[in-house]
Amino acid sequence: MPELPEVEVVRRGLETMVLGRRIDTVTADGPRSVRRHPDRTEFAGRLEGRTVTGVRRRGKYLLGILDDGGVLVAHLGMSGQLRWTDTAGESMAKHTHVVITFTTGGQLRFVDPRTFGELFVTTSDPDGDDPPELAHLGVEPLEATTTGARFDAMLTERRAKLKPLLMDQRFIAGIGNIYSDEILWGAGIRGDRTSDSLSADEARQLHRSMVETLQDAVCHGGSSLADEQYVDLFGRSGGYQRFHKVYGRAGEACPRCANVVVRERWSNRSTFSCSTCQT
DNA sequence: ACGCCCGCCTGTAAGC
DNA sequence: TGCTTACAGGCGGGCG
């Protein structure tokens, strides 16, 4: 389940490989991957001949800015991968749904077994604002404008449990199940606390932990777990799972207080936390 | 406003 | 061994 750090690592790879390149041909054999385009040839037609002039990330979405004002938007969902190949002749991985071939011969391939991910083409705003399809997204956790004070104010004006709130893309964009647990552990705060119950110091700790956790994860290439096989554009696994403090570590000792890490099921998803030093 | 459930999917692994 | 079941969970929609 790629979250902000994994998506950012893929973005950096895309920036090195597709920026400035012109799209030659596009095939979209997986209709579910381009479900916003009932006509798959229309999807291909809006890409063919275009040059990629920018690669951005918004939350867990990737945006390829095109030279005609169009934007190719990608969401990896749970199992989506964007993979680069230099030679078009390389064999296709199972579940390859979209293939974008550049005029220089390289290929960008979208592989997605569970098909929760998608690609679509939309139009960018001249002001550089988000396309309308992404208008629901909340603030960017790592943007300088998302200051500790701003975050504190955002928390105070809501009354929701912290874990679901951190994962709410309309509140803050890019955090999923893994990083919400890691962020809360880093702040020493329980995920079932309500957002308006935090002291000013706790809100500061939560903001600090959010920024540090996400930045560290990007530095280590994101998290690759056994069951999900996240890899970057070039097939490389991330290394941040080695630094997970609680996620996937039920029964192990908390690195901070040595008490046991527990796993709970919360609205049908696993939550990991320290039973003692998160309060 | 919030919290929970469902449906959408497939691969993996545990249980009988 | 081979089948069934649970689990992984992002996201949008619905409902209490």
Side-chain angles (χ1 to χ4, degrees), chain A residues 1-8 10 28-36 38 57-63 73-82 92-98 110-120 122 130-138 141 153-184 190-198 214 217 222-231 237-238 241 244 246-251 262-273:
Chain A
M1 63 296 326
E3 303 179 26
L4 185 153
E6 292 77 31
V7 176
E8 177 60 22
V10 173
D29 296 326
R32 239 185 84 75
S33 299
V34 289
R35 50 191 174 268
R36 297 200 201 206
R57 180 192 56 73
R58 182 74 173 93
K60 301 176 194 171
Y61 290 85
L62 288 161
L63 291 81
V73 181
H75 194 287
L76 302 177
M78 298 225 15
S79 60
Q81 296 179 359
L82 282 170
M92 289 288 166
K94 200 177 172 185
H95 306 297
T96 300
H97 303 306
V98 179
F110 182 64
V111 184
D112 187 13
R114 292 179 218 175
T115 71
F116 287 134
E118 62 164 335
L119 303 184
F120 62 90
T122 183
D130 291 335
E133 293 87 349
L134 307 188
H136 64 286
L137 293 176
M154 284 169 55
L155 290 168
T156 310
E157 67 190 36
R158 297 287 294 265
R159 187 180 292 147
K161 292 189 173 178
L162 286 172
K163 164 135 174 152
L165 191 58
L166 286 174
M167 292 172 57
D168 185 344
Q169 304 303 300
R170 293 163 299 187
F171 180 73
I172 194 159
I175 299 168
N177 200 41
I178 294 175
Y179 292 104
S180 58
D181 282 358
E182 293 297 315
I183 289 165
L184 287 160
R190 296 175 53 95
D192 58 0
R193 291 270 303 277
T194 39
S195 54
D196 63 344
S197 77
L198 297 191
L214 296 175
S223 301
S224 295
L225 302 182
D227 73 311
E228 115 222 16
Q229 87 283 36
Y230 155 77
V231 291
S237 294
Q241 64 281 0
H244 289 177
V246 285
Y247 187 85
R249 298 200 183 279
V262 294
R263 174 188 159 176
E264 289 157 306
R265 275 192 86 70
W266 245 39
S267 55
N268 260 345
R269 64 179 28 136
S270 288
T271 293
F272 298 90
S273 63

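Order of the sequence lines sets the chain letters (A, B, ...), proteins ahead of strands, with each chain counted from 1.
Regarding contacts with the backbone of B:dC9, every side-chain N or O of A:Ser79 stays at 4.0 angstrom or more from both OP1 and OP2. One finds no side-chain N or O of A:Arg265 lying less than 4.0 angstrom from the OP1 or OP2 phosphate oxygen of C:dA6.
Of all the heavy atoms in A:Ser33 and A:Phe110, the pair that sits closest is OG-CE2, 3.7 Å. Across all non-hydrogen atoms, the minimal contact from A:Val246 to A:Glu182 is N-OE2, 3.0 Å.
Using cut-offs of 30° and 60° for the angle between ring planes, the A:His97 and A:His95 rings count as tilted.
Contact check on A:Arg36 versus A:Glu118 returns a salt bridge, with a Lys/Arg side-chain nitrogen under 4.0 Å from an Asp/Glu carboxylate oxygen. Checked for salt-bridge contact, A:Lys161 and A:Asp192 miss the test: no charged N lies under 4.0 Å from a carboxylate O. For the pair A:Asp112 and A:Arg32, the salt-bridge criterion is not met [side-chain N within less than 4.0 Å of a carboxylate O].
To the nearest angstrom, C1' of B:dC4 lies 11 Å from NZ of A:Lys161.
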Could you write nucleotides 10-16 of chain C as a row of B, S and -, 5' to 3', where a protein heavy atom under 4.0 Å of any base atom gives B, of only sugar-phosphate atoms gives S, and otherwise -? BSS----
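Nearest nucleotide to the side chain of A:His95, out of C:dA8, B:dC9, B:dT10: B:dT10. When each of B:dT10, B:dC2, B:dG3 is scored by its nearest atom to the side-chain atoms of A:Arg159, the top-ranked nucleotide is B:dC2.
Residue contacts shown for A:Arg170 are absent, as no nucleic acid heavy atom lies under 4.0 Å away. At a threshold of 4.0 angstrom between heavy atoms, the contacts of A:Lys94 are confined to the sugar-phosphate backbone, with no base atom among them.
If you check distances only, the side chain of A:Arg114 does reach the base of C:dA8 with a donor-acceptor pair under 3.5 Å.
Where the helix from B:dC2-C:dG16 to B:dC16-C:dG2 starts and where it ends, the local axes point in directions that differ by 60°; five pairs per end, rounded to 10°.
Within 6.0 Å of the CZ atom in A:Arg193, the count of heavy atoms belonging to other residues, nucleotides or ligands exceeds 12.
A:Leu214 CG to A:Ile175 CD1: the interatomic distance, rounded to the nearest 0.5 Å, is 5.5 Å.
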